[in-house]
Amino acid sequence: MLTRKQHELLMFIDRRLKETGVSPSFDEMKDALDLKSKSGIHRLITGLEERGFIRRLAHRARALEVLRLPENVEGAPGPASGSGFAPKLIKGDFRLPAAAATQARPGMQIPMFGRIAAGTPIEALRDTATVEVPGALLGAGEHYALEVNGDSMVEAGILDGDTAILKRCDTADNGTIVVALIEGDNEVTLKRIRRRGASIALEPANRTYETRIFGPDQIKIQGRLVGLIRRYD
């Protein structure tokens, strides 16, 4: 069942795709639905994606695909007489067949850039491979994967050989686990970041390792951790 705003957004995206072949921007969606901020659009898109009406396309900024449209729209009565509130709801049985239920959030291919140290920094490999990631791990934005090499983050549940899923960004809140580029363009490490005055600390999650302190110009954030994939052979 879709809310009125979800239905309006779905129809707007579908109409724009048919007219231009390009997904509308978040600003265009915000203006079309008369919303004050893009955060509301993020929530509506997530809701439509979870219900199987749209999906995000990997490796393409803001790209969306409409998978299906609602069959009919009917006005629903308001919660109380005289309230003036009568949202339109989509009626129908949208339950997926049992065989298709696991495909509601299909896997997505993201770049696999190589290995990242979770101990002493090592040179990042720039492979051209990709890895399939469950769609539920990915939100808006660009993502990539790195293989963890080392044991300095084991107390955070990050083990040697894990595949780290990162959202590309250049800023992060204190306490976030990030990919940090250290003193140049060829050494990276996976650590928890802390800002202490004018200094930046990269904290391990293993008591046998020491926290390292750097100046603000020595560290560049390359992404933040959003998920892990682990294989059991």
Side-chain angles (χ1 to χ4, degrees), residues 25-27 37-39 41-42 46 56 58-63 108-231:
S25 68
F26 276 43
D27 283 321
S37 71
K38 290 187 285 188
S39 61
I41 295 297
H42 282 284
T46 299
R56 306 176 212 241
H59 310 316
R60 293 173 58 189
R62 85 181 197 196
M108 301 177 68
Q109 297 289 330
I110 63 174
M112 180 69 171
F113 284 158
R115 305 181 75 194
I116 184 172
T120 303
I122 62 172
E123 182 174 345
L125 303 179
R126 291 292 174 181
D127 297 337
T128 57
T130 61
V131 62
E132 185 173 356
V133 176
L137 290 180
L138 306 180
E142 184 180 356
H143 295 75
Y144 62 97
L146 291 168
E147 181 184 354
V148 175
N149 179 39
D151 62 357
S152 73
M153 297 299 290
V154 293
E155 292 172 15
I158 303 171
L159 308 183
D160 182 60
D162 284 353
T163 298
I165 310 303
L166 294 309
K167 178 177 181 179
R168 191 181 295 276
C169 62
D170 55 11
T171 61
D173 295 334
N174 272 350
T176 302
I177 297 175
V178 301
V179 173
L181 186 67
I182 302 174
E183 296 181 328
D185 296 332
N186 64 344
E187 290 188 342
V188 293
T189 188
L190 186 69
K191 292 292 184 292
R192 196 179 301 277
I193 190 169
R194 301 279 185 192
R195 290 176 179 83
R196 299 175 177 175
S199 299
I200 295 177
L202 295 180
E203 297 179 350
N206 184 329
R207 281 165 284 186
T208 64
Y209 287 79
E210 295 182 352
T211 296
R212 302 174 67 191
I213 308 296
F214 298 91
D217 297 332
Q218 293 179 284
I219 298 296
K220 290 183 180 179
I221 295 173
Q222 303 287 284
R224 64 178 177 85
L225 184 70
V226 298
L228 288 171
I229 296 177
R230 180 174 302 153
R231 294 189 60 179

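What you see is a predicted model; the values in this text were computed from it and never measured.
Across I221 and A172, no two heavy atoms sit closer than the pair CD1-N, 3.8 Å.
Results of the side chain to side chain contact (heavy atoms under 4.5 Å, CB included) test with V179 over R224, Q222, K220 single out Q222 as the only residue that passes.
Once rounded to the nearest 0.5 Å, the distance linking CD1 of I177 with CD of E203 reads 10.5 Å. Taking CZ from F26 and OG from S37, the interatomic distance works out to 11.5 Å, rounded to the nearest 0.5 Å. Considering CD1 of I110 and CG of L138, their distance stands at 5.5 Å, rounded to 0.5 Å. The distance from atom CZ of R196 to atom OG1 of T211, rounded to the nearest 0.5 Å, is 6.0 Å. A distance of 7.0 Å separates CZ of R212 from OG1 of T189, quoted to the nearest 0.5 Å. The CD atom of E132 lies 14.0 Å from the CE atom of M112; values are rounded to the nearest 0.5 Å.
Residue pairs that meet the salt bridge (charged side-chain N to carboxylate O under 4.0 Å, His left out) test with at least one member in residues 134-144, sequence neighbours left out, are E142-R168.
The neighbour count for D173 CG, taken as heavy atoms of other residues, nucleotides or ligands under 6.0 Å away, does not exceed 12. Residue R194 qualifies as enclosed at atom CZ: its count of foreign heavy atoms under 6.0 Å is above 12.
For the pair I193/L202, a side-chain contact is recorded, criterion being any heavy-atom separation below 4.5 Å from C-beta on.
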Contacts under 3.5 angstrom, residues 156-166 side chains, donor-acceptor by atom type, not counting sequence neighbours:
unit_1, atom_1, unit_2, atom_2, d
D160, OD1, G150, N, 2.8
D162, OD1, R230, NE, 2.8
D162, OD2, L159, N, 2.8
D162, OD2, R230, NE, 3.3
D162, OD2, R230, NH2, 2.7

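Although no hydrogens or angles enter the test, the distance criterion places no donor-acceptor pair under 3.5 Å between the side chain of N206 and the main chain of V154. Here the side chain of K167 pairs a donor or acceptor atom with the backbone of A140 at under 3.5 angstrom.
Not a single side chain to side chain donor-acceptor pair (under 3.5 Å) links T176 to another residue, sequence neighbours left out.
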